[in-house]
Number of protein chains: 2
Amino acid sequence: MLETATRLMQAGVTPSVSEVAEAAGVSRATAYRYFPSEAALVHAVVDEALGPILTWRSTSADAGERVADLFESSLPRIEEFEATFKAALKLSLEEWAGRQAGTLGNEPQFTRGHRVDLLRQALAPLKGELSKGQVDRLAQALSLTFGVETLIVLKDIWGLDAGRTQAVAQWAASALVRAAVEEARSSKKG
Amino acid sequence: MLETATRLMQAGVTPSVSEVAEAAGVSRATAYRYFPSEAALVHAVVDEALGPILTWRSTSADAGERVADLFESSLPRIEEFEATFKAALKLSLEEWAGRQAGTLGNEPQFTRGHRVDLLRQALAPLKGELSKGQVDRLAQALSLTFGVETLIVLKDIWGLDAGRTQAVAQWAASALVRAAVEEARSSKKG
DNA sequence: ATCAATATGATACGCGTGTCTCAAAAATTT
DNA sequence: AAATTTTTGAGACACGCGTATCATATTGAT
């Protein structure tokens, strides 16, 4: 049933719990038992999609290469599950709106910061060269080019294809890393 | 009534058409006459919010300064209407999902590329120095750091405040511009 | 003041999501 | 095999969005 949902989502659609139920050949009630809401459904598929990304480990000692490697292995996967990640983003926006409405903002955040950990890990080699604040800022800037949002902007707004999207994201990422490193060097030098 | 919707959205909530009706003191039916769907409602408020941004014109001749100026004037406005832009993004995601489901992908795109025009305009001074492809790539990279998506990533995921968000976006933008210019110079030199 | 045209309001309807109840089926225990 | 526990399915329900209908104000013209 999770498989059915994953398959459907990879096919591009964002099925409702009822649709998954029908596709999986179970009753609606049963489907709602396993996935009490569409959020739970998407959440499960996102975890499935994130699998290979979260186990990514760098092989290089150079931060630039590590970032490039991370992007190269992650972005295609994100694109493969584009519908899933977009559904997750949509849900996080709904949660945000709900949190604004009811002032009881104590629900758990949907969007967990996997980006944060991955990028910090990729930038680990820079720890000596850059200050913690500089590494953080770089990681924050990189996280802008690393996620579904990147796909949305480059593919949907600019109309780029998958290859160009990847290329632009890679270029931006490497440019940011280079800029941060150069900046640190010149400030240390001067 | 549009004013009511704008006011509500600036207060952070994403009201339904019914809620706007009640808040504006008109009947539900009347509200649906003016805004046939929530999409129309959000669309109208987005246009309201975009007003000052779209009339932005650069005063400087330096591309870096122009981009900085654009970010400085636009990002706070986007943040001021954060709920509105997030609602718009949510709607665009829904439309995308709908387009994937029904294969009749001929509906008009919700997310219009205002970013594209603004950034191209800001980068106009580089036309001589960079090739068209280089300018485009830079604009595409910059557009990743210029929009609601930036707010989502930096505020919601990283937990930054408004000031830090602005600072990171600005830094990333200027770093990208510098990188593109240096790259062009060195390739012309070499 | 009267009449036509338009805007508004109240109400009911279809549709999809999510919740609930209860009976039937399947698996487990003894 | 019989009894008990667990899982599943069918249907009914509440709720919110969007639509349609029809009567009632409200406006403007004669």
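Residue numbering restarts at 1 for every chain, and letters A, B, ... go by the order of the sequence lines.
The closest side-chain heavy-atom distance from A:Thr150 to A:Leu144 is not below 4.5 Å.
The nucleotide range of DNA chain C contacted by chain B, defined by atoms under 4.0 angstrom from heavy atoms of the protein and reported 5' to 3', is C:dT8 to C:dA12.
Mapped onto DNA chain C by nearest heavy atom, A:Glu38 and B:Gly25 fall at different nucleotides, with B:Gly25 at the one closer to the 5' end.
For the segment residues 26-36 of chain B, the set of residues with a heavy atom within less than 4.0 Å of an atom of DNA chain C comprises B:Val26, B:Ser27, B:Arg28, B:Ala29, B:Thr30, B:Arg33, B:Tyr34, in numerical order.
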Test A:Gln134 against B:Trp171 for side chain to side chain donor-acceptor pair (under 3.5 Å), laying out the working first. CA-CA 11 Å; A:Gln134 285 175 318; B:Trp171 177 81; over 6 Å; no

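Residues passing the salt bridge (charged side-chain N to carboxylate O under 4.0 Å, His left out) test with B:Glu79 are B:Lys155, sequence neighbours excluded. Qualifying salt bridge (charged side-chain N to carboxylate O under 4.0 Å, His left out) partners for B:Asp62, counting only residues two or more places apart in sequence or in other chains: none.
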Which donor-acceptor pairs under 3.5 Å do side chains of residues 3-11 of chain A form with protein atoms, sequence neighbours excluded?
from: A:Thr6; atom 1: OG1; to: A:Leu2; atom 2: O; distance (Å): 2.8
from: A:Gln10; atom 1: NE2; to: A:Glu80; atom 2: OE2; distance (Å): 3.1

Just distance, no hydrogens or angles: give the donor-acceptor pairs under 3.5 Å from side chains in residues 67-76 of chain A, sequence neighbours left out.
from: A:Asp69; atom 1: OD2; to: A:Trp56; atom 2: NE1; distance (Å): 2.8
from: A:Ser73; atom 1: OG; to: A:Asp69; atom 2: O; distance (Å): 3.3
from: A:Ser73; atom 1: OG; to: A:Leu70; atom 2: O; distance (Å): 3.2
from: A:Ser74; atom 1: OG; to: A:Leu70; atom 2: O; distance (Å): 2.9

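The number of heavy atoms from other shown groups lying within 6.0 Å of CZ (A:Arg77) is above 12.
A salt bridge does not link A:Glu94 with B:Lys86: every distance from a Lys NZ or Arg NE/NH1/NH2 to an Asp or Glu carboxylate oxygen is 4.0 Å or more.
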